[in-house]
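Read through the structure below, which is laid out as structure tokens, and then see the notes.
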Amino acid sequence: RSNKNYQENIDKFEKVWYNTIVQGRIFENFFVHNKENTMKLISFAVPSYNSEAYLHKCIDSLLVGGEEVEIIIVNDGSKDGTAAIADEYAAKYPTIVRAIHKENGGHGSGVNYGLRAATGLYYKVVDSDDWADADALKALLDKIKEHLAADTLPDMYFVNYVYEHV
């Protein structure tokens, strides 16, 4: 094969560096993505244990991000209908939602499973009894796209957070 064809194929890919924070430690990571494909801007991990009463509200609020987000529902050995809800969303939105089923290991274990499965440019944990504000999520995605286009991506974004307990 010619060197020109090889270089054209290599130019379709780039290495993207990002930082994740797990239990107070910063990890520098990278992934290689195809520039011609749409990249997920944010991976949302949703650790879930016996969350059937409120999981729909959480996931529906994240689906506002459409194809620009990845939602990883980590069923942490639930005894209720959480697993079925996760599978329902994964089947209905196969390019956005993934369901991971594991034995109960606690919240931190669910966070770590989500982190290992994440492919997005940024990573965020959303507890299964929380939800995102649609306008705020859209604004964040617009800001990420703006920074991505300008090649000025920050290591992290800080956004307003309002806690409303279910």
Side-chain angles (χ1 to χ4, degrees), residues 10-49 51 55-76 82-83 85-102 105 107-162:
I10 291 298
D11 288 343
K12 292 179 185 176
F13 295 90
E14 70 180 335
K15 186 182 280 188
V16 177
W17 290 91
Y18 66 97
N19 292 326
T20 54
I21 301 174
V22 178
Q23 296 177 342
R25 295 177 54 200
I26 297 176
F27 295 89
E28 188 173 81
N29 301 289
F30 72 89
F31 66 92
V32 177
H33 76 92
N34 183 335
K35 295 180 199 176
E36 296 176 357
N37 290 340
T38 303
M39 175 186 6
K40 301 295 185 176
L41 299 178
I42 305 174
S43 292
F44 290 107
V46 184
S48 305
Y49 179 76
S51 303
L55 188 57
H56 285 287
K57 182 172 184 171
C58 175
I59 302 305
D60 288 343
S61 77
L62 300 175
L63 283 170
V64 169
E67 293 293 334
E68 295 175 328
V69 302
E70 167 184 55
I71 303 168
I72 305 162
I73 305 170
V74 182
N75 172 37
D76 192 29
T82 298
I85 293 169
D87 289 339
E88 168 192 319
Y89 276 102
K92 188 171 182 180
Y93 303 97
T95 60
I96 301 172
V97 178
R98 286 189 286 155
I100 296 174
H101 303 284
K102 59 182 247 7
H107 186 266
S109 172
V111 170
N112 289 332
Y113 266 78
L115 182 58
R116 282 193 290 273
T119 62
L121 186 57
Y122 291 95
Y123 179 76
K124 172 69 178 137
V125 176
V126 178
D127 291 337
S128 60
D129 61 348
D130 291 335
W131 57 92
D133 176 80
D135 292 333
L137 178 54
K138 289 176 193 174
L140 174 60
L141 292 169
D142 287 343
K143 186 56 75 175
I144 293 171
K145 288 185 285 189
E146 177 186 319
H147 288 151
L148 186 61
D151 198 26
T152 59
L153 286 170
D155 290 336
M156 68 179 66
Y157 288 89
F158 290 93
V159 295
N160 289 335
Y161 176 77
V162 177

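All figures in this text were calculated on a predicted structure; none of them were measured in a lab.
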Pairwise side-chain contact, [X] with [Y], heavy-atom cut-off 4.5 Å (strictly under):
X	Y	value
Asn75	Asp87	no
Asp76	His107	no
Ile71	Arg98	no
Leu63	Phe44	no
Val97	Lys92	no
Leu62	Val69	no
Leu148	Leu41	yes

What do you reckon, is NZ of Lys143 surrounded by more than 12 foreign heavy atoms closer than 6.0 Å? no

Determine whether a donor-acceptor pair (N or O, by modelled atom type, separation under 3.5 Å) exists between the side chain of Ser61 and the backbone of Ile59.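 Not a single qualifying donor-acceptor pair exists.
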
Ignoring hydrogens and angles, tell me if any N or O in the side chain of Glu68 forms a donor-acceptor pair with the backbone of Leu141 under 3.5 Å. no

Determine whether Lys57 and Asp60 satisfy the following criterion, salt bridge (charged side-chain N to carboxylate O under 4.0 Å, His left out), listing intermediate values before the conclusion. CA-CA 5 Å; Lys57 182 172 184 171; Asp60 288 343; over 6 Å; no

With Ile73 as reference, evaluate Leu55, Ile85, Ile100 under the side-chain contact (heavy atoms from CB on, under 4.5 Å) test and give the passing residue. Leu55

Give a yes or no on whether the ring-centroid distance for His56 and Tyr89 is below 6.0 angstrom.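 Judged by ring-centre distance (under 6.0 Å), His56 and Tyr89 do meet the cut-off.
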
Between Val125 and Pro47, what is the shortest heavy-atom contact and its length?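 Here Val125 and Pro47 meet closest at CG1-CD, 3.9 Å.
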
Shortest non-hydrogen contact from Thr82 to Ser48?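 Shortest heavy-atom contact: CG2-CB, 3.7 Å.
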
